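One structure is given below, encoded as structure tokens.
Quick caveat: nothing in here was measured; it's all calculated off a predicted structure.
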Amino acid sequence: MILNSKLPDTENGFFLPGTVADMLADGTPATYLAVYIYALRQLTTGNVNITNDSIAQALRINIIDVVNAFLFYSSRGLLRIHRFTRVDDSDFDIEFCYDTMTKTAPVPFKPSYKASEISRRLQENPRVSQMYKMVSQILSKTLSSADTELLYSFYDYYALPVEVIIVMIEYYVSKGKRSMKYLEKEAGKWASAGIDTVEKAKLHIKKREDFLSYASRVRTLLGIGERRLTERELTLMNKWQNELKMPVEMVKAAYELTANQTGRLSFAYMNKILESWSQEKIRTPEALRQKAPKVPTGKKASSRYDFDALQKKALDAVKQAVERKEENGV
């Protein structure tokens with residue numbers, strides 16, 4: 001049932017908030033929009049005694065989609081839901097609330113699925129049913145009701161193809177990651193990355209393996225050991241490998257220069273060095289040798305190259321920039 005809702009005054013009695021349509025660009029399922037528009041239309045025509053089941057029948061969709069649509073718009077402050085007790089009970093009331101939609105902060109939304117609906121859909125789609133059997137074998141366990149719901153969300157909410165879901169789960173299980181909660185997070189990342197084919201899945205895995213190898217080698221040369229890397233450190237390593245295209249040997253050179261100048265490990269300092277080398281198109285030890293003068297015989301140094309000379313060159317560049325600003329009256 002639709003409760004009395006305070007709607008904006010309009011000439012034709014039908015008002016659709018622009019934010020509702022805009023959500024389509026953010027990946028909101030079109031089915032959700034259809035449910036919202038249909039329910040709103042029933043309100044403006046006075047047909048408020050409709051049920052979620054009647055909406056599902058009118059739109060030729062599953063009632064679970066109707067429930068999730070209302071839960072979604074409620075999380076965005078566009079609806080209030082009354083008499084909602086549990087997902088298995090789809091009989092609840094809704095109230096449109098234009099007066100608060102711009103004031104209510106969005107909250108995370110996650111669809112819920114009735115066990116009976118999932119069971120019916122598995123009967124309708126043999127491929128999805130087979131996916132459950134394969135995942136159960138991969139995880140070497142019988143899937144719980146919570147596992148069943150999460151796995152179905154990979155297919156329905158995150159819209160990952162069955163084949164991609166299998167490849168993803170097989171890969172992470174091979175890495176010792178068997179938690180469905182962990183797999184759900186990865187499913188969200190894969191969906192956001194647009195991984196919708198087996199070929200894309202394999203390429204994503206290869207890139208991840210390449211990065212893990214790169215990060216492991218960097219970890220070793222920096223003497224970090226088994227310490228958990230911070231998000232910032234991982235981000236910088238990813239930048240050095242994929243954006244700056246710096247081999248591990250160059251990271252080692254940047255570390256030597258950093259230790260020589262600061263006496264400690266500093267990811268930020270190393271990043272500045274690697275950025276400057278990238279700008280000068282220095283990406284190999286050979287190119288670095290041509291830029292950095294050899295250390296004179298007998299001079300103590302912490303590496304094979306006179307990094308002090310490189311540092312002096314950088315400081316001179318900063319000094320010249322300051323002098324130019326002063327000449328221009330800055």
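Under the 3.5 Å distance criterion, the side-chain polar atoms of Gln42 are left unmatched by any main-chain donor or acceptor of Asn47. Within the 3.5 Å criterion, the main-chain N or O of Ser144 finds a donor-acceptor partner in the side chain of Asp147. Ser136 places no side-chain N or O within 3.5 Å of a backbone atom of Tyr132 that could act as its donor or acceptor partner. Distance alone, capped at 3.5 Å, places no donor-acceptor pair between the Ser119 side chain and the Ser116 backbone. A distance-only check finds a donor-acceptor pair linking the side chain of Lys245 to the backbone of Asn242 [under 3.5 Å]. Using modelled atom types, no side-chain atom of Ser213 and backbone atom of Asp210 make a donor-acceptor pair closer than 3.5 Å.
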Side chain to side chain contact (heavy atoms under 4.5 Å, CB included) assessment of Val218 paired with Tyr255
CA-CA 10 Å; Val218 171; Tyr255 169 62; over 6 Å; no
Let me see the working for Ile55 and Ile50 under side chain to side chain contact (heavy atoms under 4.5 Å, CB included), right down to the final yes or no.
CA-CA 7 Å; Ile55 294 176; Ile50 61 173; 3.7 Å; yes
If you apply the rule side chain to side chain contact (heavy atoms under 4.5 Å, CB included), what do you find for Ser140 with Arg178, and how did you get there?
CA-CA 10 Å; Ser140 300; Arg178 312 177 71 87; 4.0 Å; yes
Check against side chain to side chain contact (heavy atoms under 4.5 Å, CB included), Tyr36 and Phe72
CA-CA 10 Å; Tyr36 184 94; Phe72 172 78; over 6 Å; no
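In this structure, Ile169 CD1 and Met134 CE are separated by 10.0 Å, a value rounded to the nearest 0.5 Å. Here Leu139 contributes atom CG and Leu183 contributes atom CG; the two are 7.0 Å apart, rounded to the nearest 0.5 Å. For the atom pair CD of Glu95 and CG of Leu43, the computed distance is 10.0 Å after rounding to the nearest 0.5 Å. Considering CG of Leu236 and CG of Leu274, their distance stands at 9.5 Å, rounded to 0.5 Å. The OG1 atom of Thr235 sits 10.5 Å away from atom CG of Leu229, with the distance rounded to the nearest 0.5 Å. Here the straight-line distance linking atom CG of Asn271 with atom OG1 of Thr258 works out to 10.0 Å at 0.5 Å rounding.
Using a 4.0 Å cut-off between charged nitrogen and carboxylate oxygen, Arg219 and Glu233 do not count as a salt-bridge pair. A salt bridge does not link Glu249 with Lys252: every distance from a Lys NZ or Arg NE/NH1/NH2 to an Asp or Glu carboxylate oxygen is 4.0 Å or more.
With no hydrogens or angles considered, a side-chain donor-acceptor pair links Glu209 and Tyr171 at under 3.5 Å. Using a 3.5 Å distance cut-off with no hydrogens or angles, the side chains of Tyr172 and Glu186 do pair a donor with an acceptor. Of the N and O atoms on the side chains of Asn125 and Tyr155, at least one donor lies less than 3.5 Å from an acceptor on the other residue.
The shortest distance between side-chain heavy atoms of Arg80 and Ser74 does not fall below 4.5 Å. With a 4.5 Å cut-off on side-chain heavy atoms, Asp196 and Val164 do not count as touching. Using a 4.5 Å cut-off on side-chain heavy atoms (C-beta onward), Trp277 and Leu244 make no contact. Two residues are said to be in side-chain contact when any heavy atoms from C-beta on lie closer than 4.5 Å; Arg289 and Glu286 meet this criterion. Counting only heavy atoms from C-beta outward, the side chains of Tyr73 and Ile94 never approach each other to under 4.5 Å. In this structure, Phe96 and Leu78 have side chains that are not in contact, with every pair of non-hydrogen atoms separated by 4.5 Å or more. Residues Thr230 and Phe267 are not in side-chain contact: their nearest non-hydrogen atoms beyond the backbone lie 4.5 Å or more apart. Counting heavy atoms from C-beta outward, Ile138 and Ile166 have side chains that approach closer than 4.5 Å.
Heavy-atom contacts from other residues, nucleotides or ligands closer than 6.0 Å to CZ of Arg232 number 12 or fewer. By the 6.0 Å contact criterion, NZ on Lys272 is open, its count of non-hydrogen atoms from other residues, nucleotides or ligands being 12 or less.
Minimum interatomic distance between Phe92 and His82 (heavy atoms only, all atoms of both residues): CB-O, 3.3 Å. Taking every heavy atom of both residues into account, Phe154 and Glu184 meet most closely at CE2-CA, 3.4 Å. In this structure, Ile81 and Phe70 approach most closely via the heavy-atom pair CD1-O, 3.7 Å. Taking both residues in full, the closest heavy atoms of Arg283 and Pro247 are given as O-CD, 3.2 Å, listed atom of the first, atom of the second, then distance. The minimum heavy-atom distance linking Ser54 with Thr51 is given by the pair OG-O, 2.7 Å. For the residue pair Lys200 and Ile195, the shortest heavy atom distance occurs at C-CG2, 3.8 Å.
In this view, Glu231 satisfies the salt bridge (Lys or Arg N to Asp or Glu O under 4.0 Å) rule with no residue, not counting sequence neighbours. Qualifying side chain to side chain donor-acceptor pair (under 3.5 Å) partners for Thr197, counting only residues two or more places apart in sequence or in other chains: none.
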Please tabulate, for side-chain N and O atoms in residues 56-64, each donor-acceptor pair with protein atoms closer than 3.5 Å (sequence neighbours left out).
from	atom 1	to	atom 2	distance (Å)
Gln57	NE2	Asp53	OD2	2.7
Asn62	OD1	Arg120	NH2	2.2

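Using a 4.5 Å cut-off between side-chain heavy atoms of Ile, Leu, Val, Met, Phe, Trp and Tyr, with links allowed through other members, Leu203 and Met168 fall into different hydrophobic clusters.
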